[in-house]
Each structure stands twice: as structure tokens, then as C-alpha cells.
Amino acid sequence: MIKIEHLKKSFGKGNQKKKIIHDLNLSVEEGEVFGFIGPNGAGKTTLLRVLLGLIPFDSGKIIKKPKLRIGYLPQKITVDPILPLSVSRIMNLTGNFPVQQIENVLDETGVLSLKNKPVYQLSGGEFQRVMLARTLLINPELLVLDEPVQGVDYMGESELYKLIGNLRNKHGCGVLMVSHDLHVVMASTDRVLCLNRHVCCEGEPEDVSQHPEYLRLFGLDSGSALAVYSHHHDHTHQLSGTSREDRP
């Protein structure tokens, strides 16, 4: 769906110019879950913004499938509580979608019951599910997710990543995901790119986890990040991620 050749991106001018991405090559295939990992300042979010055409790049080439439909979930969205936005209203901010279509995608992400709730009253997990539902309105061929569990508690993270995998399986869309959660990225993606302003290593999670560059960046113990998180329980979770049995 996307192919990048010799991409370079810098910020600043003259002596203050700072290279963020240097000579990067990669391709994103249809239907795969592709995870980007790397330390802070490695260029992960910058790369996503370049791919989406939100910011220009210095040199190189980006080739996209014609009329590629991309659903984008940015790293951080803040809604001022002064704005009287309900979930239904925020779903229609960038378009005029039929009510049934909005309800269908809210149902897919498990938040249909919240359609009339003010957005500022949502928990972190609920808000991210609503934002994920918005990306589905255009029937995307590629989901681009920048830290999709931002503001979500630990248990909510597990449920949200499971939802992302289910959406990929149902719609057949590709997923391009940036996350700081090594254990989740390494356990739930088909392919991983380790970025530190250039491509340190790339491949299947099992191979990347043993690569010297990966171990240098994240430490010898990071190989254990490949272990799939398993949560055995006989209770269910609310949308926020908390156990229903935890309620007073």
C-alpha cells in the first residue's frame, strides 16, 4: 500500500538543523499489522506525519496505492470541556455521515451506549474507542494509530489492542501502529520496525527481538517483551478497563 525510498527529514535551519529521519526505506503491505518502536525522539511520530502528508519531507520518495483510504488516530486529542460536544456530534465533525453508519461503527468499538454522552465525561479507554470508531467511518484500507492506548489504564490497554486486532481481521485493513509498549507491539504485530532516526532493524518480532541493535536500545532483558501478555480471569471489564467486580 505504501512504499518509501531514501526518505530524509530534518527540522531547523543552518547549524541548528537536526536530522530526524535519515535515508529510510520501507514498505507497508495490505492486511498486515506493522509496529514502529524506538526511543523518545527517534522520529516515529514524524514518520507517520510525513506518510500522511501532514508535514513535508526533505528528499526521497513516497509511493501510495491510488486513492488509498487512511483512518488516522493521532497521539493526543484534547477536547475542551466548555465545548458541548456529545459522542454523536464529534463523530460528525468532519463529515455528514448517516446516523445508522455512526451507530454501526460505535457498536463495533463497543461504545454505542455512549452516543449521547458528553465527550469530556468519557474515560480514557472510552474516548480512544470513540476516536477509533471515527477512523472506521471511511471504511479505511489502512489504519494509522499513534500511541492508540494514550491515557488508558493497563487493563484497558489489553482490551483495546485486542479490539484493534479484531477490526483488522473483520475489515481486512492494514494497521500501522506506533507504541511505547514493547511487550504488546512485539506480541501483536506481524512486522516490526525499530527506528532511531534510521532503520535499526526490521522484520518479524521474533527476529527483531534478537537483533543486536534492538538489544542495544532496549537492553538484554527486553527479549522477554516478546512474551504474549496473558490475563486469566473470570470477570469482565468495563469500557474504561476496570473490572466490574471492582465497582462499589
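Along the sequence shown, residues are numbered consecutively beginning with 1.
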[atom1]-[atom2] distance between [X] and [Y], expressed to the nearest 0.5 angstrom:
X	Y	atom1	atom2	result
Ile21	Leu7	CD1	CG	5.5 Å
His198	Leu24	NE2	CG	10.0 Å
Glu29	Met1	CD	CE	8.0 Å
Ile90	Asn92	CD1	CG	11.0 Å
Thr135	Leu143	OG1	CG	4.5 Å
Phe11	Lys18	CZ	NZ	10.0 Å

Notebook entry, point to check: Of all residues at least two apart in sequence or in a different chain, which pass the salt bridge (charged side-chain N to carboxylate O under 4.0 Å, His left out) check with Asp190?
Noted result: Arg168
Next item on the list: Just jot down the salt bridge (charged side-chain N to carboxylate O under 4.0 Å, His left out) partners of Arg69, sequence neighbours excluded, or say none.
Entry: Glu141
Next item on the list: Could you give me the CA-CA distance, side-chain angles and deciding distance for Ile70 and Leu52, then say whether side-chain contact (heavy atoms from CB on, under 4.5 Å) is met?
Entry: CA-CA 8 Å; Ile70 301 177; Leu52 293 167; 3.6 Å; yes
Closest contact, heavy atoms only, [X] versus [Y]:
X	Y	answer
Gln101	Phe97	OE1-CD2, 3.8 Å
Pro148	Tyr161	CG-CE2, 4.1 Å
Pro140	Gly71	CB-N, 3.6 Å
Val192	Val208	O-CG2, 3.8 Å
Glu108	Leu163	O-CD1, 3.6 Å
Cys200	His211	O-CE1, 3.7 Å

Which of these, [options], sits in a side chain to side chain contact (heavy atoms under 4.5 Å, CB included) with [X]?
X	options	value
Leu145	Val33, Leu48, Leu132, Val178	Leu132
Leu73	Met131, Gln150, Glu147, Arg134	Met131
His22	Lys9, Arg197, Lys8	Lys8

Same cluster for [X] and [Y] if Ile/Leu/Val/Met/Phe/Trp/Tyr side chains link at under 4.5 Å?
X	Y	result
Ile63	Leu54	no
Tyr72	Leu137	no
Phe127	Val87	yes
Phe36	Leu160	no
Val185	Val144	no

Notebook entry, point to check: Is the shortest distance from a Lys or Arg side-chain nitrogen in Glu126 or Arg129 to a carboxylate oxygen in the other one below 4.0 Å?
Noted result: no
Next item on the list: Starting from the C-alpha separation in whole Å, work towards a yes-or-no answer on side-chain contact (heavy atoms from CB on, under 4.5 Å) for Val199 and Asn25.
Entry: CA-CA 8 Å; Val199 176; Asn25 298 275; over 6 Å; no
Next item on the list: Kindly assign one of parallel, tilted or perpendicular to the pair Tyr214 and Phe218, based on the angle between their ring planes and the thresholds 30° and 60°.
Entry: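 Taking Phe218 first and then Tyr214, their aromatic rings sit tilted (interplane angle of 30° to 60°).
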[X] atom [atom1]: more than 12 heavy-atom contacts under 6.0 Å:
X	atom1	result
Glu213	CD	yes
Tyr120	OH	no
Lys117	NZ	yes

Note to self: Whether the Asn104 and Gln100 side chains hold a donor-acceptor pair (N or O, under 3.5 Å, no angle test) is what I'd like checked.
What the structure shows: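 Short answer, yes.
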Notebook entry, point to check: What do the steps show when you test Val149 against Gln128 for side-chain contact (heavy atoms from CB on, under 4.5 Å), and what is the final call?
Noted result: CA-CA 7 Å; Val149 295; Gln128 289 301 87; over 6 Å; no
Heavy-atom distance under 4.5 Å between the side chains of [X] and [Y], does that happen here?
X	Y	value
Leu122	Leu114	yes
Leu167	Leu136	yes
Leu47	Leu195	yes
Ile37	Ser179	no

Margin query: Working note: Ile62 + Val50, criterion side-chain contact (heavy atoms from CB on, under 4.5 Å); need CA distance, chi angles, decisive distance, verdict.
Written below: CA-CA 9 Å; Ile62 298 178; Val50 167; 3.5 Å; yes
Item checked: Exam field: side chain Asp58 to backbone Ser10, donor-acceptor pair closer than 3.5 Å -> yes
